[in-house]
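When reading the values below, keep in mind they use all heavy atoms of this one structure, side chains included, and skip hydrogens, waters and symmetry mates. Reminder, nothing fancy here: chain letters follow the sequence lines and each chain counts from 1.
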Amino acid sequence: DTEVTQTPKHLVMGMTNKKSLKCEQHMGHRAMYWYKQKAKKPPELMFVYSYEKLSINESVPSRFSPECPNSSLLNLHLHALQPEDSALYLCASSNRDTGRHTFGSGTRLTVV
Amino acid sequence: QQQVKQSPQSLIVQKGGISIINCAYENTAFDYFPWYQQFPGKGPALLIAIRPDVSEKKEGRFTISFNKSAKQFSLHIMDSQPGDSATYFCAATPTQGGSEKLVFGKGTKLTVNP
């Protein structure tokens, strides 16, 4: 079982919808990440939160809005997405001392 | 300097054979080198990782070889099994200096035939 839990596992949304992806970890990691992964490609970093503050935004469009309510939770708010945003969205957390990153199972997002 | 180059893109091995995947990096600040295994529809799972102070690390059938001077590292899967069929990503990150980015290779799709 993964130590990073993502919900929902699957999401279908229209281009005018607003939805949120959720991620939770209880390993005490102080860095949390959102990645986007397209088929046959490596994960692509979107956002990094370090000690609950946004530390890296990889020039992600504003229709993706991250939020870190506390050290265990990470959300990704979605609004007015495009069909090309359909992908596997992965959450991860890491131990900054060791560099070890743990990934969740992902949310398969389809934008119609 | 941020790239990690991975080869081959795909690999087909017979059951019981050895699978070898290679990666090369340029950024000398990288000091943690993990390999991830990913099955379709799942998140990447850490398989094995190494730091540059050792040249080899073995865990069961999986071995990482590391060549610091050449800035290369490789994954060897001994006695490959059909259940090993997955996509493998090498990665690298600096654990010092504040950067928290994992830099991934492009991935290798491994198929192990029965």
**Q.** Per-residue contact mode, B:Pro34 against chain A (heavy atom under 4.5 angstrom)
**A.** neither
Q | Derivation of the ring-ring contact (aromatic ring centres under 6.0 Å, His included) call for A:Phe64 and A:Phe47 | A | CA-CA 10 Å; A:Phe64 296 91; A:Phe47 303 103; 7.6 Å; no
Q) Non-hydrogen atoms of chain A under 4.5 Å away: do they reach the side chain of B:Leu102, the backbone, both or neither? A) both
Q) How many angstroms lie between atom CH2 of B:Trp35 and atom SG of B:Cys23, to the nearest 0.5 angstrom? A) 3.5 Å
Q.
Show, in sequence, the C-alpha distance, side-chain angles and deciding distance for A:Cys68 and A:Leu54, and conclude whether the side chain to side chain contact (heavy atoms under 4.5 Å, CB included) test is met.
A. CA-CA 8 Å; A:Cys68 188; A:Leu54 183 64; over 6 Å; no
Q. Heavy-atom distance under 4.5 Å to chain A: side chain of B:Gln6, backbone, both or neither?
A. neither
Q | Cluster check B:Tyr36, A:Met46: I/L/V/M/F/W/Y, side chain < 4.5 angstrom | A | no
Q: Say whether A:Ser20 and A:His77, considering side chains only, have a donor N or O and an acceptor N or O under 3.5 Å apart.
A: yes
Q) Quick one: of A:Ala39, A:Gly106, A:Ser50, A:Cys91, who has the most non-hydrogen atom pairs under 4.5 Å with chain B? A) A:Ser50
(Q) Report which part of A:Glu58 has an atom under 4.5 Å of a heavy atom belonging to chain B: side chain, backbone, both, or neither. (A) side chain
